[in-house]
Structure formats: C-alpha cells, structure tokens
Amino acid sequence: MKFGYFDDPSREYVITQPDTPLPWINYLGSEAYFGLISNTAGGYSFYKDARLRRLTRYRYNNSPLDMGGRYLYLRDNNTGKYWSPTWMPTCVKLDEYECRHGQGYTVITSKLNGIKSSARYFVPLGESLEIWQMTLTNESASESDLSLFSAIEFCLWDANDDATNFQRNYSIGQVEVADDVIYHKTEYRERRDHFAYFACSEKLAGFDTMRETFQGAYHGWNEPCVVDSGKSGNSIANGWQPIGSHHVKVHLKAGEQKQVIFILGYQENPKEDKFDPPGSQIINKKRAKQALEKYLLPVNADKAFADLREYWTTLLGKMQVTTPDEHTNRMVNIWNAYQCMVTFNMSRSASYFESGIGRGMGFRDSNQDLLGFVHMIPGRARERILDIAATQLKDGGAFHQYQPLTKRGNNDVGSGFNDDPLWLVLGVAAYIKESGDWSILEEPVQYENEPGTESPLYEHLQRSIQYTLDRLGPNNLPLIGRADWNDCLNLNCFSDTPGQSFQTTTNKDGKVAESVFIAGLFVLACSEMKGLAEHYVERQKSNVGHLTFDVRPSTFYTNAAAGMEKTAWAAGWDGDWFRRAYDDFGHVLGSKENTEGRIFIEPQGICVMAGLGVENGNAVKALNSVAEHLATPHGIVLQQPAFSQYYLHLGEISSYPPGYKENAGIFCHTNPWIMIAEAVVGRGDKAFDYYKRINPSAREEISELHKCEPYVYAQMIAGRDAATHGEAKNSWLTGTAAWNYVAITQYILGICPSLDGLEINPVIPEKWDGFKATRKYRGVTYHITVTNPKHVCKGVEKVMVNGRQVEGSLICAEKGAGEVNVEVVMG
Ligand code: BGC
Ligand code: NOJ
C-alpha cells in the first residue's frame, strides 16, 4: 500500500494522506540554520547544533508520536469551527490534503469548507531563518471571515537542559514583543548573545507568548483555548513555557487569495552591541529587523525559494543518470544524493529517531558520509575533513564524536573505537579523487584541537595507519578496542549493570579481542595510502624538489597490506567465509565453530572490497555464503544465527531481541558493501539485485510494512528472526545513504573517480541494454553513454572520447575541456 507518489519532474515526494505509518519527515536548511519537518508540520529548528542551540521545543516519543511543530490554525469566525491546515494537531478531517517534500522545503496544501491553504516552509540560502509562506484562497461561493493563528513553542536553547532542569527553567523564560514581532530572549540578559524572533507579515489582531494562556492549562495543541474562542490573550511570558503565536484576521471574498508570511529566525549580536539603548536590558533588534524587512515581502521570499530550487538543480546536476530502472534513476538523481547532503550536515545528531542531544558528529560516520557527498560541494568536504582530523589524538587514535558547535572531541564518549582512524584515510582519498586537490595533504592540522601540535594532514593519515599496527593481538589481527564499525560488538565491555552505556562504560584495556573487520579495512586503507604516497612523492619531487615532511614510501603500505592479508588468511578465513573476530578469551566469532553468530556480513563486504580472495576464488565463496545464509527478500541480515540471549562477553549486540538492529537485523549500511563486493567479482546481476532489495523507492508499494519514508534509506529493516520482518526504523541519518550512493554510481554504474581521472567500469545486470549518465568532474562535464550489445555484466570492450578511441577505461580530460562525450561499449 502506498501513501503517496513520486513526482520526479518536480523532484518531490507527494504524500496524499496525512496519517502515514510514521511521521514522514524532511529537512530544512543547508548550512547553519536547520529544521526537521514532518508531513503534518511537526518538528523543530536549531542553529548549527541540535543540542546546544535549539530554537523550538520538541518532545520525542510523544503520544501521539509527532506532536509539536510549526503549527497553524484556521478558524471560521462565523461558525467558530477551527482546523489545522496541516492536519495536525487538530486532526480535523480535511477535504483535500497533500504534502510535497522537496530538497530543503516542504509544502503542505489542504482544503476544508472551500478554504484552500498552502503552507510552504523553507530556509533561504545563507540565512539563519525559516519562512512559512501561507497562501489562502477562498474557493467557496461566499465571503469568509477567518482567523489565522500560528504557534510554536520555544526551547530554552540547550535541549538537554530544557528537557530536564525544570527547577531552574520554569523561572528563566523571557520574551519581548515589539512592533508585532515576538522575541524569545531567555538568558540573553546574561551570557547568551543570541535570541530568536517570530514575525508575521500582517497587522496582528493579537498574540500570545505564554503557553498556558494560549492552550489553557488542561488543553493540548489540538484544542487551544485561544483558537477556540478566537481571541488572543496578548500574554507576556515570565518563566514557565514561552511560546510564539500570532493572530491574523483574514477576510476573503469568493475567489480571493491572500498570502501571509511568518518568519522564525535566529540572531546573534556582538557582545558590545547587545542592548538598545546601551545599558538597558532591551534586545538590539537592528539586525533581525533587516532580515524581516526583506523576507516578509512575498517577492523576496519567492526569489529566495527560486534560488533554493536553483541551488539544488545545480547540485543534483553533478550526476544524473538514465538507466532502465526508474527506482535507480530517482534515487541517484534526486533522493539518495539529497539524503547524502542531510547525513553530511547532521551526522547522527537530529532526526525523528536521533534526539539531537545524544550524539554529535561521529568520526567514523562523518568520514563515511562524505563519500556520498564530496562530488556535490568538495569545498565543504575539505573543511569537514580538516575539522575531523583536528580532533584526532596524537597516537593516531580518535575521539569517537565531536560537537559541531565547538568542533572539539566529546570527552563523554572518548576514544578507543579502533576502526575510527582508518576511515579518515578513506575520506581524504575520496576527496582527492574527486577534486584533484593535493594541497589538502599539506594543511597544518592540530591534534586534539591543541594549538602548537599542528602537523600536515598527511602525517595524520600516516598515524592512522600506524595506530592499527601498534595495536595487534595474539593472532596479529588488529585489536578491536571498544568496538569496530559494529558499535555493538563490545568484546571488552562485560557490562552487567542495568542502564550502563555499552559505548561509554569503562572497558577492559583488552589485549586479546581482535577484529577481522579492521584487518580488511586496514588493507583497504593501505591501498589508498599507497596511491597517495606514490603520487605525493612524485609531486613533491617535480614541484618542490624536496619533501617538506617525512613520507613513507608506497612500498611501506604494500608490505603492511600484504602482511595483514597473510594474517587474515591464517586467522580470519573460515573455509567458506571470513570470520568476524576473536573475543577476550581468544575464541573465534563468526565461524562454523559457533552455534550463534556463525557468519557476519561486515568482513565479507570489507575484505572483498579490499581485494581479498578476488584472485584465489575465496571472494566468490564468501559472497555465495552471504547469499546462502544472510540474504532475505528485504535485504541482507547482519549475522546468523541471531543471538538468542545476552552474552556478557559480546555486549550490546546480544542485548537486542533477535532480528533487530545489530542482532541479525538488516543493517542497511552493510548491504552496499556486499553490492560493491559483488561488483568487484563482476557479478552485476547479484549486485543490482541486492541494490533493489533495500532501495526505498522500490519498497514504496509495501509502505504499510516498511513504515518509514519511501524516499530515503533507513538504518535498519527488521531481519527474518523478527516478528516484524521487513519493517524499517531509524530513517535518514545513516551511513547507508553514502554507501548506497557509492555502490550504485561508482561500482554498479561504474563511474568512479580515481586519483588520475574518471574510471568507467560498469558492472550491471546482463539484461540491460546500457544506460546514460552526465557527470561533472574536475570542471568538465562528461556525457557518458554505455551500451551493452552482448548483454554482459562486466567488461569494457571499447571507449571513445569525443569520437576517438582511447586505451583502457580511464578518462581524464584537460581542465576547461567543457563538455566531453564518452561512449563505452561493454563486451
Ligand atoms: C546502536 C548502534 C549505534 C550506537 C551508537 C547503539 O545503541 O545500536 O547502531 O552505533 O548505539 O552509540
Ligand atoms: C550506527 C553508528 O552511527 C555507526 O557509527 C555504526 O557503525 C553503526 N551504527 C553500527 O553499529
């Protein structure tokens, strides 16, 4: 069953009934000011950091789930009846309803009693504010006398404190109302130099800033007293719960239309210019007023919206494909790329499943997120890399997370996730492959954000590699530390205290538990380092004549990788698949010797991606084992058999009921690793089959089961051991976005940036006749046509560039070449 449809020409998903199985959300904002918005206008906004600068309040796990947001109410003043044009919170049945989620904006249109309303929500590029553009049309035959109310609830900035410290918070709320604009200024009088403002384009009939006055102490957002009576209280909040609500009277003749604009914004003032007049306690509103003057005018709001659309046309234009499969086309061309931007911006901080107070930016997560984002805005990926690298520890280790506002490592979570540092190598390599910007390697970057510790970024990468080499276990495999990619495989944790965090509790300084996954990742990282080292040494010789810092020769990485491979075969190969790990007692995990957790997906993906077993046939064996033991119609599960009980020595993985999350759920992040591995061994049919199983658009028809949005990937789909096999959870913020983008574009369609240019090496379904793609790369636009006359999965017979045949499949046009036509004939 579907709850909407894709409108591909408009690049929108159109939701046609408001009661979707879960709130289906979207994101507003692209750089500093962000919002989450559901299909019924639920959600909240924040500036840069969802925890520390929360503008509006949102109660997670509420009942109903999605209550609180950017609410509007319409009241027919003749009958006293009122409704929500976005359906929530009143849930009054609408005659028409439609929600269009696009890139960075959402439009919710509805109709009741002949009154059509359309609310467009977006954040203009480069601004710290959001616009709600409400267009009302009287489609009835008679004149209407309406009241329009807005309502938001302010958060007292620190979302964690806001939700817990009530003995203080009930006393600190402060607002100002001036010239019909509502200002939220809690803590502005002391250490905050920022405030929020909420304004409306129309003359107000009234306003409210006290929730109790607006709602009534025993009412909810669904039946606010003020809306019910049609009269605002003009309340001024002193403590308790400050809100913002405007009341506008709208008279519409039959057929008449009117636009009302609301703006919610965030403003910082210089310390010395905080108050107006100076010495008073009154907010200096000068800067906010400038923004309001501009955007409260429909013509400027329209222009800002057009600019936002144009921005996304350009970004998505970096890669567009036409394949025989519509689900592939719309995910690659629109939604997957868009989700990559969102994961790049948010990491795992704020979604409807991530509360914005739990996690900052992840070291490993952010490095992976940029794999799917870097082609869109390489400059931002560069900045991100430098921020992440500056949190690295001197011994090459990494803070597991950092806060985006402070950009400092997060001490509460600490370090010791032994895979973390290696992802930095993959992130940097991807950036250089895309941009050709070698200068990033020479950027001076601090360790632990400590001034004076700067070393070239390249040295950070060398230390990442060394970090693994310094931490090998009894089998010479890398020690796992707190955990590797699988945060829940906690082999040194031994937690028997309820509620203790598996992630942060003090672990044994284990010198036994080892990870085959990290071994595979290490080999992959070494092959990237080898490429960087070769090029870098060459470049340094020809450009500068000497090396400005110690660069290990590329042979160092070839040897290190070869050594690790040898170890992997000796201790990490189980006969039909790669093993997963060794526990603190030295017992193997992910082996035929185990009764539960006999085979895991992660090492099969990463080891084959790193090239292990491609030549000796073991890669195919491992992938056949995946197909046999782990694949389901809804995707590939993480391991089998699921853990049936809690195992102290395995940690969080066995804390989940079988079939959920890391305990044998379909943890979607890992599925593209298998797609890539299948592409590496040349099996295009299998690679694409796996791609389709978790492609959200391809699952749209089963939305009542899948439950999450059909336009973005979810972190998890319940595995076959679960009662709800096929049900997705944790949509939006997942490494699944970047990796699927990489799998389909770089490995299946095979358009893959390399250090030397664009490699074109498709591994596609046999039955495809070919496909077309446009890829902007290093300033050149490549129009690529792939034909598959012999119906093979893999193999390039001929490549023509602007009509001339070239050797091999590496394309590297001169800068400034403009448009280049590439024809690839498979065979
Ligand atoms: C989840 C993991 C996640 C970790 C992060 C765990 O509860 O299952 O997927 O990586 O928390 O802290
Ligand atoms: C989600 C986390 O964000 C990611 O870092 C981790 O790799 C996976 N869960 C697997 O545990």
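We count ligands from 1, going down the list as the structure has it; atoms in each ligand are counted the same way. Position 1 is the first residue of the sequence, and the numbers go up from there.
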* Asked: Which of these, Trp485, Tyr713, Trp673, sits in a ring-ring contact (aromatic ring centres under 6.0 Å, His included) with Phe667?
  -> Trp485
* Asked: Contact between Gln715 and ligand 2, counting heavy atoms under 4.0 Å?
  -> yes
* Asked: Is there a heavy atom in Arg359 that sits closer than 4.0 Å to ligand 2?
  -> yes
* Structure fact -> In this structure, atom 6 (C) of ligand 2 is nearest to the protein heavy atom Trp485 O, 3.2 Å
* Structure fact -> From the list Arg57, Arg53, Arg54, Arg51, salt bridge (charged side-chain N to carboxylate O under 4.0 Å, His left out) with Asp162 holds only for Arg57
* Any atoms of ligand 2 less than 4.0 Å from a non-hydrogen atom of Arg348? List them with their elements. => 3 (O)
* **Heavy-atom pair with the smallest gap, counting every atom of Pro672 and Asn740** => CG-ND2, 3.5 Å
* Asked: Should Asp395 and Arg471 count as an ion pair when the cut-off is N to O under 4.0 Å?
  -> yes
* Taking only residues two or more places apart in sequence, or in another chain, which ones meet Trp732 in a ring pair (Phe, Tyr, Trp, His ring centres under 6.0 Å)? -> Tyr27, Tyr338
* Under-4.0 Å salt bridge between Asp369 and Arg348 -> yes
* Closest approach of any protein heavy atom to atom 4 (C) of ligand 2, naming residue and atom -> Asp365 OD1, 3.2 Å
* Test salt bridge (charged side-chain N to carboxylate O under 4.0 Å, His left out) applied to Arg580 and Glu593, Glu602, Glu596, the passing residue -> Glu602
* Close residues, ligand 1: non-hydrogen atom nearer than 4.0 Å -> Arg359, Asp487, Cys488, Gln503, Glu652, Tyr656, Lys661, Glu662, Phe667, Gln715
* Gln639 CD to Leu489 CG distance, which is reported to the nearest 0.5 Å -> 9.0 Å
* Structure fact -> For Phe667, the atoms of ligand 2 under 4.0 Å from one of its heavy atoms are 8 (C), 9 (N), 10 (C)
* Evaluating non-hydrogen atoms only, which member of Gln401, Glu662, Glu602, Met716 is closest to atom 10 (C) of ligand 2? -> Glu662
